[in-house]
Amino acid sequence: MTCRPEYVKESSDPQEVVACIEERFGEDVQDLELRDYKGGKANAVQYRVLWLTVKLERFLELVSIFEEFDFPHFQVISGNDEGDTVVLNYHFALFNSAGKSKRLNVTVSVRVPKDDPVMPSLWEWIPGIEYSEREMREMLGVDFDGLPNKGLVFLPEDWNEDVKPWRRDETGPSEKDVRELS
Amino acid sequence: MAIGTGKTYKVPIGPVHVGLKEPITAWLDVDGERIINATIRPGAIHRGIEFMARERNPIQVIYLAERICGICSFAHIECFVRAVEDAAGISVPKRAQYIRTIVLELERVHSHILWAGVACYTFGYDSAFHLGMILREKVMDVLEALTGNRVNYGTGTIGGVRRDITPKVEKVIRDMINFYKNEFELFYNVATDDPVTLARMRNVGVLSSEDAVKYCAVGPTARGSGHRIDLRWSQPYEAYGDLDIMPVVPQDHTGEVYGDVYDRFLVRVLEVYQSLEIIEKCLDGLPEGELMWEPNLPKLLNYLKKAEGTGISSIEAPRGDDTHVVRLTGAEENVTWWKVRAPTYANAVSWPLMFKDNELADAPLVINSVDPCISCMERMLVTERKTGSKQIVTKKELLNRCREKTRKVMGA
């Protein structure tokens, strides 16, 4: 199957999205999985969700090919400290208003090395991403290159910014930072 | 606060108000009465719920999720349990899917009526507020009859629901639908045809359709800007795939999109009718069968302990797309990590755009229009940057200002 962005725009077919990504990214995209969600009385497939991991160097390029299909509606970034790397999962939705059952959730995972934890910011492109980038910065210590407002978003003003609440290493919260209420 | 002197003042609204569902601070730059710019700072009551979940098993996290929000508590647990079901590969019985849909819609009815009433109250339309509150009681009674509670229903669980719809409860729900079909029209007419409503909400807090897309607005906020998005239609979960649902957008009803507070108001009021229709269809087609995938709790916990995977769920909560992502690791009892994206997290980003060029007296209405708080403007602090002098504006004064404008607009 060859990649036809014009056709994908028209059809919003998840298989075609996968074909485009596989053709253009080859080995740089891994763990690609298209999940079906069943429901209703007939237990038929209601919608599908795409998961994939991309190499950091090609992250921007991947998001830009989404734009050939549809403006990527940004939902949130989730993340986890996995030892040497921080994994960030960008949750996007494509074909938001294309029709019944057409919406496609796409989760793009990126491994960010802890010794240089910097991601390119998508803010200029998708301003709706601002809170999530600021949240990942304060919670997991990943910096975003190109994000204008790097202020704290959820942590209090007097927070010691060396402590990253979601890190699982020595930069994470120590016992004295956690108060058990019961 | 003289106009045209080139001086702007910073006015913070928030952060802590008694009635706020999600505490937030809006710093408004004002020139006279006009808002020039706005900066939003959330985080006043970040409770670290996601962090706390790392010390709990998925069943315990359900009760944590339920306490994220008092108004849409079921939306959050629904979203969380669906994410866990996705991660662990659990299928939900059909009857449970339908009951979940019914509870979600009952919650939407109460949330939208509450919001519409409070919006009227904000600009001094107290009779519409009281009418809304009287009407809302009916659905609260129904939720209590179904679940035993008015808020935090404790009804959803991983793999199903914990409460059944008995014939007795079904009758109560059908009575409610009939009640609203007769009574809600009064509120609809009073609120939408009223010249005061129109004068105070039209062209206030405008969010253009393009900005709604770019700033990733969700739910009634995005639909009010004419953007056809509704997860019940575009990504149908539970029983929604069996139902014929179309997103409610203002252009289908008034022929035009303003993207203002009035359009967001209209969308929510019309969605109450849509929800009633959905509940009725679900009751008519309620399938027989089990309520849970695994009713034995220790067995379920044991299964979840072995499960490995990441799950995602997005649902259409009353305020828009609510998304939860969960990671379960095999042989670990507790949730590895959990991310919650409540709809206001998305909608608050577009607040500064809505504030721009509005009057200070409209600020409560604009804040209210994305439905993040119930207008409990505790107090605000007016600071003059040059002299550093401070002046407290109380909730009462702010409300008076808002109401004074209504009187001025109506020439009374």
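Judged purely by atom type and a 3.5 angstrom limit, B:Arg54 uses its side chain to pair as donor or acceptor with the backbone of A:Trp166. Here the side chain of B:Asp242 pairs a donor or acceptor atom with the backbone of A:Lys41 at under 3.5 angstrom. No donor-acceptor distance shorter than 3.5 angstrom exists from the side chain of A:Gln46 to the backbone of B:Tyr237, with no hydrogens or angles considered. The backbone N or O of B:Gly241 sits less than 3.5 Å from a side-chain atom of A:Lys100, completing a donor-acceptor pair.
Highest contact tally toward chain A, considering only B:Thr101, B:Leu231, B:Val92, is held by B:Leu231 [criterion: heavy-atom pairs under 4.5 Å].
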Next on the checklist: Go through it in stages, so that I can follow the logic: the residues are B:Arg341 and A:Phe74, the test is side chain to side chain contact (heavy atoms under 4.5 Å, CB included), and I'd like the CA-CA distance, side-chain angles, deciding distance and then a yes or no.
Outcome noted: CA-CA 11 Å; B:Arg341 204 294 309 267; A:Phe74 170 78; over 6 Å; no
Next on the checklist: Checking B:Tyr215 against A:Glu130 for the side chain to side chain contact (heavy atoms under 4.5 Å, CB included) test, could you report, in this order, the C-alpha distance in whole Å, the side-chain angles of both residues, the deciding distance, and whether it holds?
Outcome noted: CA-CA 9 Å; B:Tyr215 283 78; A:Glu130 184 185 329; over 6 Å; no
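Both the backbone and the side chain of A:Pro127 come within contact range of chain B, with heavy atoms under 4.5 Å apart. Contacts of A:Asn149 with chain B are absent, with no heavy-atom separation under 4.5 Å from either backbone or side chain.
Note on A:Glu135 versus B:Lys339: salt bridge recorded, some NZ/NE/NH1/NH2 to OD/OE distance being below 4.0 Å.
Taking the six-membered ring for Trp and thresholds of 30 and 60 degrees, A:Phe154 and B:Tyr345 have ring planes inclined between 30 and 60 degrees apart.
Taking the six-membered ring for Trp and the full ring otherwise, the centers of B:Tyr240 and A:Tyr47 sit at least 6.0 Å from each other.
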